[in-house]
Student: 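The structure under discussion is supplied below as structure tokens; questions concerning it will follow.
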Amino acid sequence: MEINFILNGKGVKVKTHPLRRLLDVLREDFDLSGVKEGCGEGECGACAVLVDGELALSCITPVGSVEGTSVVTIEGYRETAKYRALEEAFSATGAVQCGFCTPGFIIAAESLLSKTPRPTPNEIREAISGNLCRCTGYSGIVEGIKRASERGEGLW
Amino acid sequence: MKNKISSSVSRIDTPEKTGGKASYIADIKLEGMLHAKTLRSERARARIKAINCPNLPEGYFIIDRQDIPGKNSVKMLIDDQPFFADGIVNYIGEPILLAVGPEKETVNWIIENTEVEYEDILPIFSVDEAKDPAKPPIFQKNNIFAEYEIRKGNPEKAFEGSHRVFEKEYRTGYQEHIYLEPQGVIGTYDDGRVTVYGSMQCPYYVKTALIHGLGWNEDMIRVVQTTTGGAFGGKEDYPSIIAGHAVFAALKTNRPVRLVFDRAEDIQSTTKRHPSIIKIKTALDSKGTIIGMNVDITLDGGAYCGLSPVVLQRAMFVSTGAYNIPNVLVRGKVLATNNVPSGAFRGFGAPQAIFAIEMHLNSLAENLKMDPLDLKKKYLLKKGDPTVTGGKLREDVKMPRMISLLEDISGYRKKKASFHKKNARDLRGIGISLFLHGCAFTGSGERDKIKAKVKLRKEDDGKVSILVSNVDMGQGPQTTLRKIVSKILGIPFSQVLYDNPDTDRVPDSGPTVASRTVMIVGYLLSRAAEKLKTEGKTEVTEEYIQPPYIEWDQENFIGDAYPVYSWGANAVEVSIDPDTYEIKVESVWGVYDVGTPIDEQIVYGQIEGGISQGLGYATIEVMESREGGLMQRSMTDYIIASSVDFPGAEKRLIENYYDYGPFGAKCAGELPFVGVAPALAAAVQNAIGVPIEKLPVTPEYLLEAAEGGN
């Protein structure tokens, strides 16, 4: 079946089984390897993408369900000023160690900041609780999102 | 005064990782690459009578033990583990063969439709059963992978002359690494050479394993580390097995072969932290003074030996914790069972031993009507004291200062007193742990076994390359090692190159384990940098020389078990739901001596991450084996901490210059994990008033303990 959607701002069509995981379509058909597979069952958030601006876990999203939507992966998001603010902040607060979970956290951060531009630390912790990190203990990530929200004046 | 090097810089790898540009093993695509999937044993212990594969579509292959050109054994301490089951399987998940081919779905179909006929052998599921002579042993005649004894003073005499003996038993469970990136490798075969790319800690361990598995000359084998998404010990020995698989498959198919695990397969088949049973007996005189101690450690090694003997050694060498206990007998053994093999995990045996000694002293203090901290301070190791192996502590031990700082920032004394008066509906507690961690390899291991070699090379454009085999798996050497070299050479950080290790390019500076990278490899690099600067050479190779003070007898375990120790003290405050016994961690504090931190933010990152893993180990990370099968098989069943489970920690570093570390640095990677579980357990013990003798501390265990206590 042919599925049409907007991927990182460009219209794309893909002929595939509608139940194929969006994760596999992004990684295999479009070479978007910034979308990571950590668990394959919607627990870790490493595969997070935005579908029409909402946080979605691509490992449990059938590609058929994104027909007609706009999908943004880290590869698209990293071209934005918001991303640059988050990258600067993550770097400053030591939010990144092994990095495998990081693109997913960036996507989760965008999802939060687009709705709550000045979140409290508790709101940040709540918002990223669907993303798992085994290295940092989360403090650096929470501080990083806070810093981006404070310094990214006018972005969110 | 703070050392200048400690000021944090931006980690060099942050931009490419954050933007999703870093290539982890699953992100690499090679021309003509095939996919591989492993057929695994469904039985804990059985003889394989027959294997029936479906008819293979064209272009698909089965790779099994007959495709191994060299020895079907993975080179480790004892070569008892085969690459592919050799007629017998010893644990659920043991690899039997691979299916390989172009389409993943078809490869999976082949595995699902391959039938194995088994003939069961009487299995051994626990360390108790491992001692049962009625069961045929798995390993040699007695199921003992390793058994050691260490003595200090005259323990027999101390016990004979004792007024009374205080005795307790402690148990700890499995822990699964859950590095976010599952295990994976790619094997290729070109022009008579094989190359393995993979997520790993120890490129030269993998290379050595391939030399044996292939029976080839080392010149024909190349190993390249790819950006590694966490490891924590889980990628110390295990990648050697799958590197063999991928290479054997590449040889047979003449194509690149990719073997990347999904999470369920990773959890089921890779190593775990050793479960332990530790019995401690303390001999007291009539005044309640400790005059002797017996510690008896038993570890479940699982089906194959792996690194178990060295894990046991580390557990034994810190079995009396941060204390100078006179007259000690430590016995340890690690036994074979038909469980998944246990292996390396941050702390490497020390967390189990430190949990046991800390909880033992907590209970002893209560028994003596003392505060645990006061009892512990009485026996604290200090400069010049003998360690449990009779080594001499040469460093300044800053623990008294660290403890008083911890008391201040945590409010320990005041809280302890107020929590003591609480009512039964308001269960709050605070606990403290004191601990140490031996830096780098045991005794003379760095000199006799590892023989690290590092190289610095001036490139044509004036940049300087770091050539070492140590990897960045998230812990930061891409940044810290560059800092050390650039600081000495007086060149900008960006002028120092350090690519992921490739055994064709880098000398063997040893494995990325035992918190040794900064202290050992970083020190060698600092010496190489000095020479590069002063001797005007374009290339300098520096080899490990043992610090002159180390004296170690590896046969009898006498002397300096480690070159030096890092030290720590944790406090944890909890509240407990009086109905459900759910534990809420309210606050965590930590004070550490890691020598000079090479980068404060990176060390704090190790601390925060270590605390999060340690609190998980102590509470929510439940993993059990029933009849050889793990009960938790996914990240839905096996829970690690999320951002809402635990609070961040308040942390402090106390400087303590070490002469044989770069800029005075000691070890920092494992230390922050080691003391967390006992501090949490001590807080729970304080809150509910019954001794905690088991990890993890689950609500079920607390209910049982509290009702038993009533």
Side-chain angles (χ1 to χ4, degrees), chain A residues 24 27-28 31-46 73-75 77-79 83-84 86-88 90-106 121-122 124-144, chain B residues 8 10-11 13-24 26-29 104 177-182 227-232 260 262-264 472-476 599 601-602 604-613 615-616 634-636 639-649:
Chain A
D24 294 331
R27 288 182 57 87
E28 291 165 12
D31 274 337
L32 298 173
S33 60
V35 188
K36 305 296 182 196
E37 177 168 359
C39 71
E41 52 179 4
E43 286 290 333
C44 79
T73 71
I74 188 69
E75 287 85 354
Y77 188 65
R78 73 185 176 212
E79 304 303 327
Y83 168 78
R84 285 189 287 279
L86 279 164
E87 188 198 282
E88 184 283 327
F90 271 40
S91 184
T93 61
V96 182
Q97 291 189 24
C98 88
F100 197 79
C101 69
T102 313
F105 273 97
I106 292 286
N122 279 342
I124 297 172
R125 283 189 178 268
E126 258 330 302
I128 61 171
S129 64
N131 291 67
L132 295 175
C133 167
R134 191 57 152 165
C135 298
T136 67
Y138 303 101
S139 293
I141 299 172
V142 174
E143 285 164 31
Chain B
S8 303
S10 291
R11 281 180 65 132
D13 49 348
T14 294
E16 63 164 19
K17 285 175 170 175
T18 308
K21 289 180 183 165
S23 272
Y24 298 83
D27 305 335
I28 295 170
K29 288 181 178 175
K104 251 195 241 175
H177 303 84
I178 311 281
Y179 26 69
L180 257 282
E181 180 209 25
T227 299
T228 297
F232 314 110
V260 175
D262 64 26
R263 182 60 62 182
D472 196 318
M473 49 197 171
Q475 86 285 32
D599 187 283
Q601 192 174 68
I602 286 177
Y604 285 144
Q606 289 299 299
I607 291 170
E608 290 275 3
I611 286 175
S612 178
Q613 274 179 9
L615 291 172
S634 69
M635 285 173 72
T636 312
I639 310 294
I640 64 163
S642 79
S643 52
V644 291
D645 289 315
F646 305 123

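Throughout, a chain's letter reflects where its sequence line sits, starting with A, and its residues are numbered from 1.
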Student: Please classify the contact of B:L180 with chain A as side chain, backbone, both or neither, using a heavy-atom distance under 4.5 Å.
Tutor: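 Contact with chain A: backbone and side chain both.
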Student: If I take atom CD1 from residue B:I607 and atom OG1 from residue A:T136, how far apart are they, to the nearest 0.5 angstrom?
Tutor: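 That separation rounds to 13.5 Å.
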Student: Below 4.5 Å from any heavy atom of chain B, which atoms of A:F100 appear? Answer side chain, backbone, both or neither.
Tutor: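 Answer is both: backbone and side chain atoms of A:F100 are under 4.5 Å from chain B.
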Student: At a 4.5 Å cut-off on heavy atoms, which part of A:S129 comes close to chain B: side chain, backbone, both, or neither?
Tutor: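 Both parts, backbone and side chain.
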Student: Side chain from CB out, backbone as N, CA, C, O: work out which of these in B:S634 comes under 4.5 Å of a heavy atom of chain A, or both, or neither.
Tutor: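 Both backbone and side chain.
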Student: Can you sort out the partners of A:E87 under side-chain hydrogen bond (donor to acceptor under 3.5 Å, both in side chains), two or more places apart, ordered by chain and number?
Tutor: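 side-chain hydrogen bond (donor to acceptor under 3.5 Å, both in side chains) check on A:E87 returns A:Y83.
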Student: Using 0.5 Å steps for rounding, measure from the CD1 atom of B:I640 to the SG atom of A:C44.
Tutor: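 Rounded to the nearest 0.5 Å, the CD1-SG separation comes to 8.5 Å.
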Student: With a 4.5 angstrom heavy-atom cut-off, could you sort out which part of B:M635 is near chain A: side chain, backbone, both or neither?
Tutor: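 B:M635 touches chain A through backbone and side-chain heavy atoms alike.
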Student: Between B:R11 and A:S91, is there a donor-acceptor pair closer than 3.5 Å when you use the side chain of the first and the backbone of the second?
Tutor: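 The answer is no, because no donor-acceptor pair under 3.5 Å joins these two groups.
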Student: Please rank A:I124, A:D31, A:N122 by heavy-atom pairs under 4.5 Å with chain B and give me the top one.
Tutor: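 Of A:I124, A:D31, A:N122, A:D31 has the most heavy-atom pairs under 4.5 Å with chain B.
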Student: Look up atom OG in A:S33 and atom NZ in B:K21, then write down how far apart they are to the nearest 0.5 Å.
Tutor: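 Rounded to the nearest 0.5 Å, the OG-NZ separation comes to 11.5 Å.
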Student: Checking B:Q606 against chain A: side chain, backbone, both or neither under 4.5 Å from a heavy atom?
Tutor: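 It is both, since atoms from each part get that close.
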Student: What part of B:P182 gets closer than 4.5 Å to chain A, counting heavy atoms only: side chain, backbone, both or neither?
Tutor: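 The answer is the side chain of B:P182.
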Student: Relative to chain B, which segment of A:Q97 carries a heavy atom at a distance below 4.5 Å: side chain, backbone, both, or neither?
Tutor: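 Contact with chain B is through both the backbone and side chain of A:Q97.
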Student: For chain A, which candidate among B:A649, B:G610, B:A22, B:G605 shows the most heavy-atom pairs at distances under 4.5 Å?
Tutor: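 Of the candidates given, the most pairs with chain A belong to B:G605.
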Student: With rounding to the nearest 0.5 angstrom, report the OG to CZ distance, B:S642 to A:R125.
Tutor: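 These two atoms lie 9.0 Å from each other.
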Student: Which atoms of A:E28 are under 4.5 Å from chain B, going by heavy atoms: the side chain, the backbone, both sets, or neither?
Tutor: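 Interface part for A:E28: both.
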Student: With a 4.5 angstrom heavy-atom cut-off, could you sort out which part of A:I128 is near chain B: side chain, backbone, both or neither?
Tutor: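 Both parts, backbone and side chain.
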Student: Could you list the residues that satisfy side-chain hydrogen bond (donor to acceptor under 3.5 Å, both in side chains) with B:S643, not counting sequence neighbours?
Tutor: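 B:S643 satisfies side-chain hydrogen bond (donor to acceptor under 3.5 Å, both in side chains) with no residue once adjacent residues are dropped.
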Student: Show, in sequence, the C-alpha distance, side-chain angles and deciding distance for A:I106 and B:T18, and conclude whether the side chain to side chain contact (heavy atoms under 4.5 Å, CB included) test is met.
Tutor: CA-CA 7 Å; A:I106 292 286; B:T18 308; 3.5 Å; yes
Student: Please state whether the side chain, the backbone, both or neither of B:F646 comes within less than 4.5 Å of a heavy atom of chain A.
Tutor: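 Just the backbone, heavy atoms under 4.5 Å.
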Student: Tell me, for A:R78 versus chain B, whether the close heavy atoms (under 4.5 Å) come from the side chain, the backbone, both or neither.
Tutor: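 The side chain, not the backbone.
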Student: Please identify, among A:G40, A:A46, A:A92, A:C101, the residue contributing the most non-hydrogen atom pairs under 4.5 Å to chain B.
Tutor: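 Result: the option with the highest number of such pairs is A:A92.
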Student: Counting heavy-atom pairs under 4.5 Å with chain A, which one of B:A264, B:G229, B:S612 comes out on top?
Tutor: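 Looking at each of B:A264, B:G229, B:S612 in turn, B:G229 comes out on top.
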Student: Would you compute the distance between atom SG of A:C133 and atom CD1 of B:I178 and round it to the nearest 0.5 angstrom?
Tutor: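 So the gap between those two atoms works out to 13.0 Å.
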Student: Heavy-atom distances under 4.5 Å only: say whether B:A26 touches chain A with side chain, backbone, both or neither.
Tutor: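 Both parts, heavy atoms under 4.5 Å.
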Student: Who among B:T14, B:D262, B:T636 has the most heavy-atom pairs with chain A under 4.5 Å?
Tutor: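 The residue among B:T14, B:D262, B:T636 with the greatest pair count is B:T636.
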Student: Chain B: which of A:L32, A:I141, A:V142, A:T93 shares the most heavy-atom pairs with it under 4.5 Å?
Tutor: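 Max contact count across the listed options: A:T93.
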Student: With chain B, which of A:G137, A:C98, A:G34 has the greatest number of heavy-atom pairs at distances under 4.5 Å?
Tutor: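 It is A:C98.
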Student: Measure B:D645 against the heavy atoms of chain A and call it side chain, backbone, both or neither at under 4.5 Å.
Tutor: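 Looking at B:D645, nothing touches chain A.
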Student: Can you say whether B:Q613 sits under 4.5 Å from chain A via the side chain, the backbone, both, or neither, judging by heavy atoms?
Tutor: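 The answer is both parts of B:Q613.
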Student: Pick whichever of B:G648, B:S10, B:G616, B:P15 has the most heavy-atom pairs under 4.5 Å with chain A.
Tutor: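 Highest number of heavy-atom pairs under 4.5 Å: B:P15.
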